[in-house]
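The structure appears below as structure tokens.
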Protein chains: 2
Amino acid sequence: MSGKAGIKDVARVAGVSVGTVSNVINNPELVSDDTRGRVRAAIAQLGYVRSETARQLRAGHSRIVAMLVLDLANPFFADVAKGAERTLRDVGLGVMVCNSAGSTADEADYLSLFAEQRVRGVLVTPADTSGRTVELLRARGIPFVLVDRSLPADQGCSVSVDDVLGGAMAVRHLVSSGHRRIAYVGGPAHLAQVRDRFTGGLDAVREGGLADDALITIESDRPDVAAGRDAGARLLGMSPRPTAVFCANDLLALGVLQSLYAAGVRVPHDIALVGYDDIEFAAAAAVPLTSVRQPAARIGRTAAELLLAETEATADDDHIHQRIVLRPELVVRDSSRRAARVAD
Amino acid sequence: MSGKAGIKDVARVAGVSVGTVSNVINNPELVSDDTRGRVRAAIAQLGYVRSETARQLRAGHSRIVAMLVLDLANPFFADVAKGAERTLRDVGLGVMVCNSAGSTADEADYLSLFAEQRVRGVLVTPADTSGRTVELLRARGIPFVLVDRSLPADQGCSVSVDDVLGGAMAVRHLVSSGHRRIAYVGGPAHLAQVRDRFTGGLDAVREGGLADDALITIESDRPDVAAGRDAGARLLGMSPRPTAVFCANDLLALGVLQSLYAAGVRVPHDIALVGYDDIEFAAAAAVPLTSVRQPAARIGRTAAELLLAETEATADDDHIHQRIVLRPELVVRDSSRRAARVAD
DNA sequence: CGCCGAAATTGAAACGTTTCAGTGTATGCC
DNA sequence: GGCATACACTGAAACGTTTCAATTTCGGCG
């Protein structure tokens, strides 16, 4: 009895036409009080639920925005998703969060699914680095916004964070705390983010009047905790040993911390440590971690707003793509505090 | 040109009827090689993408399964979602992950959205504890499976983990390592999971021939890192001090660890520590954390399978609801190892 | 040579909405 | 009383598929 009632059934029970029922739902002010009451009663009685499917068919597009992230288990993306979700729900759009897990094939599968679903738009952090994903979306005419990646403004909207600035903030903090030998633990070098953060770090070193080799790179092959542990081990073997470490993300920093702790090296007493991303667990580490915060929720919100603007643009050309670059924020915690105190 | 082509356009270009085009897509073996070729060419030429929307309208339900979780940022749910996603994608269903953030109101909103979308089914961890959510789903005839919550088998399918057993495993481990005073740090007592884990712990204590007061409860108001820090502070003030701590989840344990570390109390040398959930960061802690692992991906997979079974049941009564309770697993790491060595 | 059945193809109905040009029906004005 | 006007409501078309009964085509067989 419940899943089956359609607008026609409601119309019959209320003794009106289907058009009137539709108006009661979508334009109540067009209908007389009396009729409206009868129709609402019929709806309640039948347990009628409007079929969004049929509605979409007529409208030509759905009320759903798809979000495709690299890793659902990464707290950063979870926060971005939350931010986007709130904004989109406020305007009545549903959000479908999907996980490409970094796989180009899965990403392509999802893009097909989205096209078939006629989603309203897509928020995406592409796994594919060749630009084919962006190309495909444009070719299919699906509005999209790149998240945590940037794109020349003529090619589409994007929201990213200034990684060069973030790297500079981290290293500037360490330099001004008196550190003169700083290790940079970075994930695979082919990632733009890893390179940008290094570039920023180098800027800060020079700014502080130090030579370039005050910043020593320790390259890790993956950006995770295990790789951080390895990097920590290598760090301990260096001589002279750096007095501070800047990691390209918090997972690496947590790994380094683990190594140092196991070896009895105290943080920040012996070595200061700075991470990147400020994931929830940065504050939860045994030594609360200084980190460069990515404004994750804000990224999500901004991306959602850009997508809405693009969606609402009536003519193709009355929308101007935007490339938004947000500022990160340095959150200083215990892991880098001692040196600061000494320097003061 | 791309987003606009319909099946009729394809039919016109290929010089066949719409029925034939549909057959090429859905039942290729019914169509002659020649025609099939022409139709496929037309599809490619026009960039035709089938409208899942129209398809759903005819079929009466969509190809999407909704998943409603309590907290997307919680790695546990992210893993559950991943497990479910894989299983469902293998049978061609899309997954829409939504986040109720524990809000009953948001949950209700999403349920309405799902009903309007005519989703194929719902995997849900209800924020609502009154059972109204389950009632609503049943009333609307939407197939559902409860995740990480259990339900009498006559009321619906559910997949949960045996929390009493998990608590017992953790405490048994500590008791057999020689601990005689064990603190239990638990979140708000009204949560069934918090109580169950305590019950299991008590079982283990008795089993070990100890008095009930060998397990001392430290109640925290929330299950997060900050609350864990508070609990750690209280723990340090106790006299005589427990030699081991069992926390109702890993976040609490990480908070406790932070307190202990700050106070110079060594883990596991001075105090052994066991968490619950085995989130990714348990292994990443400064002292890798012993924890009771919830088989998150397996929960997701199992729930998806149950939902599929329910969906595929043709008659209402040819499906028997199942209540599946999975076994947790104790993962021993450094945070509880020393005592074990001593006891051996 | 005509008929039959199988294979291939067709064309229209149906799915549940929204939209819109019309049809009534009071109301107010001259 | 006649007429314009606003208002309330109607009914059918359209959205893009799938499905299925009906039709055409064709080779083979009696």
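These numbers were taken from a predicted model, which means no experiment stands behind them. Residue numbers start from 1 in every chain, and the chains themselves are labelled A, B, ... in the order their sequence lines are given, proteins ahead of strands.
Looking only at distances, a side-chain donor or acceptor of B:Asn26 sits under 3.5 Å from a matching main-chain atom of B:Ser22. When atom types are taken as modelled, the side chain of A:Asn99 and the backbone of A:Ala101 share a donor-acceptor pair closer than 3.5 angstrom. Listed for the B:Arg301 side chain is no donor-acceptor partner under 3.5 Å among the backbone atoms of B:Gly83.
One can place CD of A:Gln56 at 14 Å from C1' of C:dC15, the figure rounded to the nearest angstrom. Straight-line distance from the CD1 atom of B:Ile7 to the C1' atom of C:dG11: 13 Å, rounded to whole Å.
Distance from the side chain of A:Arg55 is smallest for C:dT17 among the nucleotides C:dT17, C:dC15, D:dT17.
A:Ser51 comes within 4.0 angstrom of the backbone, heavy atoms only, and of no base. Nucleic acid contact for B:Arg58: base, since at least one base atom lies under 4.0 Å from a heavy atom of the residue.
With a 6.0 Å cutoff to the six-membered ring centre and a 45° limit on the axis angle, B:Arg89 counts as a cation-pi contact of A:Tyr110.
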Side-chain atoms of residues 126-134 of chain B: list all donor-acceptor pairs with protein atoms under 3.5 Å, sequence neighbours left out, distances to 0.1 Å.
unit_1	atom_1	unit_2	atom_2	d
B:Asp128	OD1	B:Ser130	OG	2.8
B:Asp128	OD2	B:Ser130	N	3.4
B:Asp128	OD2	B:Ser130	OG	3.2
B:Asp128	OD2	B:Gly131	N	3.2
B:Asp128	OD2	B:Arg132	N	3.0
B:Asp128	OD2	B:Thr133	N	3.2
B:Ser130	OG	B:Arg132	N	3.3
B:Thr133	OG1	B:Glu107	OE2	2.5

Under 3.5 Å, side-chain donor or acceptor atoms of residues 148-161 of chain B against the rest of the protein: list the pairs with distances, not counting sequence neighbours.
unit_1	atom_1	unit_2	atom_2	d
B:Asp148	OD2	B:Gln193	NE2	3.3
B:Ser150	OG	B:Arg323	NH2	2.9
B:Ser158	OG	B:Leu151	N	3.3

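A search for side chain to side chain donor-acceptor pair (under 3.5 Å) contacts involving B:Ser32 returns B:Thr35, not counting sequence neighbours. Shown here are the salt bridge (charged side-chain N to carboxylate O under 4.0 Å, His left out) partners of A:Arg86, two or more places apart in sequence or in another chain: there are none. For B:Arg120, there are no salt bridge (charged side-chain N to carboxylate O under 4.0 Å, His left out) partners two or more places apart in sequence or in a different chain. Legend: residues meeting salt bridge (charged side-chain N to carboxylate O under 4.0 Å, His left out) with B:Arg12, ordered by chain and number and at least two apart, are B:Asp9. For A:Glu135, there are no salt bridge (charged side-chain N to carboxylate O under 4.0 Å, His left out) partners, not counting sequence neighbours. Scored by the side chain to side chain donor-acceptor pair (under 3.5 Å) test, A:Ser17 finds A:Thr20 as partners (sequence neighbours excluded).
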Report all interatomic pairs (protein N or O, nucleotide N or O of nucleotides 22-25 of chain C) with separations under 3.5 Å.
none

Atom pairs, N/O to N/O, protein against nucleotides 22-24 of chain D, distance under 3.5 Å?
none

*B/S/- contact track for nucleotides 5-11 of chain D, protein heavy atom under 4.0 Å*: ---SSBB
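One end of the helix from C:dC1-D:dG30 to C:dC30-D:dG1 points its axis 60° away from the other end's axis, with each axis taken from 5 pairs and the angle rounded to 10°.
Within a 6.0 Å radius of CZ in B:Arg298, other residues, nucleotides and ligands contribute 12 heavy atoms or fewer.
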